Colleague: 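Sending over a structure as structure tokens; questions will come in a sec.
Side-chain atoms are counted along with the backbone in the values below, which use heavy atoms only and exclude waters and symmetry mates. Keep in mind it's a predicted model, so treat the numbers as computed, not measured. This chain uses plain numbering: 1 for the first residue, then up along the sequence.
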Amino acid sequence: NRITKLIVHTTAGQRKADDAVSVMEYFLLSKKWSYGGYHHLIQNDGKVTQCYKDTKRTNGIGHAFCEEVIKSQFKSNFTNEMIHISWIGGADFIQGKNQMSKGQSITIVDIIKFYIKRYPGIKVYGHNQFANKSCPWFWVPKLMTELGLEKNRGLTNYNRYQSYKGAKYQKVAQQIAGGEYPLINI
């Protein structure tokens, strides 16, 4: 498989209560999926758990509606060419509660840079560019611009989701890129 896209997510769970094992148990035992949603899970302390090899398809944005959007944007179903990373938390993104930790912010940037080195042509997106969701609670194209990585910025033209480019989503992306903490409330 040729890896062409990196998708950033949040688990929308409890940052301090959840860990990689509990997230995978949710996918495999509660939802009864054959495999989980993410290749990498970033815990509260910033440590990363690799759940799958890069070449394994996961359920990150694999449901029918998102696949429809992917096909309309890219004229193909590229879900086998995607890597999904997720920070654990984000249930309500309230400052000091389920918001991204400083360790998670640093790790997300590090993982993005790692995958750009591994796959130089990779494009980086947020889940909210493909679905009517707030996930990952910031606008990834803005983060990529702030990091000086425009060449790897994934852009979609699906107008229904342009609301996620709002000022707060832009500001959170700026804060992550600049290493600021704590992040603003959404």
Colleague: Taking all heavy atoms of C51 and all of M24, pick out the closest pair and write down the distance.
Modeller: SG-SD, 3.9 Å

Colleague: For the residue pair L147 and V109, establish whether any side-chain heavy-atom pair is separated by less than 4.5 Å.
Modeller: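 Answer yes - side chains close enough.
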
Colleague: Give the minimum heavy-atom separation between G154 and Q129, together with the two atoms involved.
Modeller: O-NE2, 3.0 Å

Colleague: Closest approach of N44 and S101, non-hydrogen atoms and distance?
Modeller: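 Taking N44 first and S101 second, the nearest heavy atoms are O-OG, 2.5 Å.
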
Colleague: May I ask you to decide if I88's main-chain N or O and Q104's side chain share a donor-acceptor pair within less than 3.5 Å?
Modeller: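 A pair under 3.5 Å: yes.
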
Colleague: Rounded to the nearest 0.5 Å, what separation is found between the OG1 atom of T4 and the NZ atom of K123?
Modeller: 10.0 Å

Colleague: Measure the CD1-OG1 distance between I85 and T10 for me, rounded to the nearest 0.5 Å.
Modeller: 11.5 Å

Colleague: May I ask you to check whether F27 and Y38 place their ring centres under 6.0 Å from each other?
Modeller: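 Yes: the rings meet the under 6.0 Å criterion.
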
Colleague: Once you round to the nearest 0.5 Å, how far does OG of S134 lie from CG of N128?
Modeller: 7.5 Å

Colleague: Look at the side-chain heavy atoms of Ile, Leu, Val, Met, Phe, Trp and Tyr, link any pair under 4.5 Å apart, and say whether I106 and L143 land in one connected group.
Modeller: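 No, no single cluster joins them.
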
Colleague: When rounded to the nearest 0.5 angstrom, what distance separates OG in S22 from CG in L29?
Modeller: 11.0 Å

Colleague: Considering non-hydrogen atoms only, spot the tightest contact between T11 and S86 and give its length.
Modeller: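 Heavy-atom minimum between the residues: N-OG, 3.1 Å.
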
Colleague: Under 4.5 Å between any side-chain heavy atoms of K56 and Y35, yes or no?
Modeller: yes

Colleague: To the nearest 0.5 Å, tell me how far M144 CE sits from L149 CG.
Modeller: 4.5 Å

Colleague: Exactly one of K5, H9, H127 should register a side chain to side chain donor-acceptor pair (under 3.5 Å) with H84. Which one does?
Modeller: H9

Colleague: Are the ring centres of Y125 and F130 closer than 6.0 Å?
Modeller: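 Distance test on ring centres: under 6.0 Å, yes.
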
Colleague: Using the benzene-type ring in the case of Trp, are the ring centres of Y115 and H39 under 6.0 Å apart?
Modeller: no

Colleague: If you look at every heavy atom in P136 and W87, which pair is closest and at what distance?
Modeller: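 That would be O-NE1, 3.3 Å.
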
Colleague: Decide whether T107 and D110 meet the rule of one side-chain donor and one side-chain acceptor closer than 3.5 Å.
Modeller: no

Colleague: Calculate, to the nearest 0.5 Å, the distance between atoms CD1 and OG1 belonging to I83 and T58 respectively.
Modeller: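 Those atoms lie 9.5 Å apart.
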
Colleague: Strictly distance-based, threshold 3.5 Å: is any side-chain N or O of N152 a donor or acceptor partner for the main-chain N or O of P120?
Modeller: yes

Colleague: For I3 versus D54, what's the shortest heavy-atom pair and its separation?
Modeller: CD1-O, 3.5 Å

Colleague: Do the side chains of Q43 and T49 get nearer than 4.5 Å, heavy atoms only?
Modeller: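 Of all side-chain heavy-atom pairs linking Q43 with T49, at least one is under 4.5 Å.
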
Colleague: Would a 4.5 Å heavy-atom cut-off, applied to side chains only, mark F138 and I176 as touching?
Modeller: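 Yes - at least one pair of side-chain heavy atoms lies under 4.5 Å apart.
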
Colleague: Is the OH atom of Y52 crowded by more than 12 outside heavy atoms at less than 6.0 Å?
Modeller: yes

Colleague: Please tell me if the side chains of R153 and V124 come closer than 4.5 Å, counting only heavy atoms from C-beta onward.
Modeller: no

